[in-house]
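What follows is a single structure, written as structure tokens, with notes after it.
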Amino acid sequence: MTATTASSSSSCSLQGSSRIGSRTNIHSDLLNPKSISFSSNLKGLSLKSSASKRQLYSRGKGSVVIAQSMDRVEVDSSLSPRVNSVKPSKTVAITDQATALVQAGVPVIRLAAGEPDFDTPAPIAEAGKNAIREGHTRYTPNAGTMELRSAICHKLKEENGLSYTPDQILVSNGAKQSIVQAVLAVCSPGDEVLIPAPYWVSYPEMARMADATPVILPTSISEDFLVDPKLLESKLTEKSRLLILCSPSNPTGSVYPRKLLEEIAEIVARHPRLLVISDEIYEHIIYAPATHTSFASLPGMWDRTLTVNGFSKAFAMTGWRLGYIAGPKHFVSACNKIQSQFTSGASSISQKAAVAALGLGYAGGEAVAIMVKAFRERRDFLVMSFGEIDGVKISEPRGAFYLFIDLSSYYGVEVDGFGTVNDSESLCRYFLDKAQVALVPGDAFGDDTCIRISYAASLSTLQAAVERIKKALVTLKPPVPV
């Protein structure tokens with residue numbers, strides 16, 4: 001054995017023992033998870049080395065590099081400015097917190113999430129089961145199956161007076177994804193997205209994700225939270241790219257009457273760059289005499305409008321994750337391109353179930369009508385109950401399943417053992433702490449005077465919640481009579 005070979009052999013032996021030692025340490029770390037620290041382990045690694053810090057031994061055509069020491073490198077943990085500009089959803093955060101309390105044994109009544117308490121109608125669920133049994137479990141076309149897109153076209157024609165072809169429909173994993181893709185597809189950095197407030201919590205954040213600027217249009221409870229056309233026109237600039245309308249509305253339950261939509265359409269028509277996203281996810285959950293009007297059906301608005309809808313709310317299919325967008329082919333193709341690099345097509349099983357949902361009849365048929373009847377009874381109970389409480393302002397919802405009530409007259413009170421209730425967030429924390437009822441603060445929707453109550457819960461649950469809230473309000477006497 002030459003001196004070089006002996007040296008190499010010795011070195012390899014040392015490396016082997018070093019590796020064995022490393023394995024032993026990792027094994028002991030796994031037995032004690034608290035001792036594992038990826039950040040501290042990574043600090044010892046370096047992407048740089050120099051000849052002065054290593055030894056090179058030649059053996060035949062190969063070589064063995066033995067590192068004697070390495071530079072320490074800190075990992076760059078910074079995030080994208082785009083992500084840093086986006087706020088997390090308060091409705092999700094509060095729902096998660098309430099769920100954790102329930103799991104810990106606290107009897108919290110959860111009225112934060114917008115999720116129907118009904119089971120998915122049996123014919124829809126059965127269609128999903130059959131899809132699995134029959135092997136419909138593979139990828140579908142990115143835009144959705146032709147069967148479903150054709151069914152959506154038929155629905156839009158019969159129920160909304162809108163004519164589309166299947167290549168003008170894009171099926172996505174929920175209406176939320178549809179809206180995000182639409183905003184990304186049409187907005188450039190610096191564009192403005194006009195959003196009436198109160199708004200669904202995600203609209204402003206979607207604009208920010210597209211490097212666009214949300215422009216908020218405040219409304220008032222005295223006007224049923226409907227946007228003033230004059231205010232809209234005063235806010236329009238050459239940067240205005242999108243107007244987002246939601247009717248029936250989350251969080252207010254307001255429904256835009258056709259006459260008001262026609263006034264808005266006249267304004268939109270005077271601005272060539274302005275497009276409209278019409279979020280119609282709650283269209284079937286509407287209470288007579290209110291009626292639903294699709295914005296794209298108004299004169300001159302078909303070319304300007306991206307209509308978003310889905311199956312989560314009316315058909316109690318929240319977990320099936322399925323929505324769609326309809327609009328001019330140019331815009332829908334752009335959304336389709338984004339989706340092809342994002343999630344690809346939606347669930348094949350959910351799409352089969354959605355075909356069955358659209359086959360239930362006009363506006364969902366009897367199955368949806370039964371749910372809407374129950375929602376109306378719950379709405380009437382809440383409006384009556386809160387109408388009896390001093391200092392509460394109410395705009396009666398015309399659709400959806402939310403009550404957005406003004407409790408700002410109770411602000412400014414200090415509660416022993418809790419602190420001061422001075423805004424919608426502290427009021428909701430107070431209700432969660434003292435009444436074990438989870439609600440969403442209005443500041444999440446752009447109106448700090450109100451809180452949102454979801455009545456997608458049984459009447460008995462709502463009755464218990466109202467009793468708890470009334471007892472909690474006894475401590476919060478209005479500082480000034482209303």
Side-chain angles (χ1 to χ4, degrees), residues 81-91 175-176 178-252 254 256 260-281 295-296 298 301 303-308 325 327 331 334-335 404 424 441-450 452:
R82 181 180 289 108
V83 173
N84 285 331
S85 72
V86 175
K87 302 173 185 176
S89 169
K90 277 193 178 180
T91 53
K176 179 181 281 190
S178 296
I179 299 172
V180 169
Q181 291 175 166
V183 175
L184 290 173
V186 304
C187 286
S188 300
D191 279 346
E192 295 176 345
V193 179
L194 293 102
I195 306 169
Y199 46 72
W200 182 41
V201 295
S202 295
Y203 293 149
E205 311 313 317
M206 290 172 175
R208 293 186 179 101
M209 281 193 283
D211 290 328
T213 302
V215 176
I216 306 305
L217 309 175
T219 66
S220 67
I221 193 169
S222 62
E223 297 297 325
D224 291 327
F225 298 113
L226 299 172
V227 71
D228 183 349
K230 293 179 181 178
L231 175 63
L232 167 62
E233 189 153 34
S234 71
K235 294 291 185 179
L236 291 174
T237 71
E238 68 279 358
K239 294 182 179 180
S240 301
R241 183 57 172 158
L242 265 180
L243 167 64
I244 300 181
L245 295 175
C246 181
S247 178
S249 166
N250 173 8
T252 65
S254 301
Y256 277 79
L260 179 54
L261 289 177
E262 289 173 342
E263 292 181 46
I264 294 172
E266 290 176 3
I267 294 171
V268 172
R270 294 195 288 269
H271 296 265
R273 286 198 74 231
L274 188 60
L275 304 174
V276 176
I277 290 179
S278 182
D279 184 349
E280 303 180 8
I281 189 70
F295 194 80
L298 301 176
M301 290 299 106
D303 291 329
R304 300 288 199 98
T305 306
L306 295 165
T307 300
V308 175
I325 190 165
F331 296 125
C335 296
F404 202 63
S424 61
D443 69 340
F445 307 101
D447 187 339
D448 198 32
T449 65
C450 296
R452 191 191 78 173

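If you read the sequence from its start, that first residue is 1, and numbering goes on from there. Any value given below was found using the heavy atoms of this structure, including those in side chains, with hydrogens, waters and symmetry copies removed.
- Looking at His271 and Ser240, their side chains never come closer than 4.5 Å, going by heavy atoms from C-beta outward.
- Counting only distance, with no hydrogens or angles, the side chain of Arg208 and the backbone of Arg82 share no donor-acceptor pair below 3.5 Å.
- Not a single donor-acceptor pair under 3.5 Å links the side chain of Ser254 to the backbone N or O of Leu226.
- Tyr203 and Cys246 get closest at one heavy-atom pair: OH-CB, 3.4 Å.
- To the nearest 0.5 angstrom, Thr237 atom OG1 is 7.5 Å from Leu194 atom CG.
- Taking both residues in full, the closest heavy atoms of Tyr256 and Ser247 are given as N-OG, 2.9 Å, listed atom of the first, atom of the second, then distance.
- One finds the CG atom of Leu306 at 12.0 Å from the CZ atom of Arg304 (value rounded to the nearest 0.5 Å).
- The distance from atom CE of Met206 to atom CD1 of Ile179, rounded to the nearest 0.5 Å, is 5.0 Å.
- Between Pro196 and Leu245, the shortest heavy-atom contact is CG-CD2, 4.3 Å.
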Notebook entry, point to check: Could you walk me through whether Lys87 and Val201 pass the side-chain contact (heavy atoms from CB on, under 4.5 Å) check?
Noted result: CA-CA 9 Å; Lys87 302 173 185 176; Val201 295; over 6 Å; no
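- Side-chain contact, Thr305 with Thr307: no donor N or O sits under 3.5 Å from an acceptor N or O.
- To the nearest 0.5 Å, atoms CG (Leu184) and OG (Ser188) are separated by 11.0 Å.
- Closest non-hydrogen pair, Val86 versus Glu205, comes out as CA-OE1, 3.5 Å.
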Note to self: I'd like to know whether Phe404 forms a side-chain contact (heavy atoms from CB on, under 4.5 Å) with Ser249, so could you lay out the CA-CA distance, the side-chain angles of the two residues, the decisive distance to 0.1 Å, and finally the verdict.
What the structure shows: CA-CA 10 Å; Phe404 202 63; Ser249 166; over 6 Å; no
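- Contact between Thr219 and Ala197 at its shortest, heavy atoms only, is OG1-O, 2.6 Å.
- Tested against Pro229, the residues Glu263, Glu266, Glu262 include a single side-chain contact (heavy atoms from CB on, under 4.5 Å) partner, Glu263.
- With rounding to the nearest 0.5 Å, the separation of CG in Asp279 from CH2 in Trp200 is 7.0 Å.
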Next item on the list: Check the pair Gln181 / Ile325 against side-chain contact (heavy atoms from CB on, under 4.5 Å), numbers first and verdict last.
Entry: CA-CA 10 Å; Gln181 291 175 166; Ile325 190 165; over 6 Å; no
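- Within the 4.5 Å cutoff, no side-chain heavy atoms of Val193 are placed close to those of Arg241.
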Checklist line | side-chain contact (heavy atoms from CB on, under 4.5 Å) between Ile264 and Val276, intermediate numbers included | finding: CA-CA 10 Å; Ile264 294 172; Val276 176; over 6 Å; no
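- Pro214 approaches Ile195 most closely through the heavy-atom pair CB-CD1, 4.0 Å.
- To the nearest 0.5 Å, the span separating CG on Leu217 from CG on Leu243 amounts to 7.5 Å.
- Side-chain atoms of Ser424 come within 3.5 Å of backbone atoms of Asp443 as a donor-acceptor pair (strictly under, hydrogens ignored).
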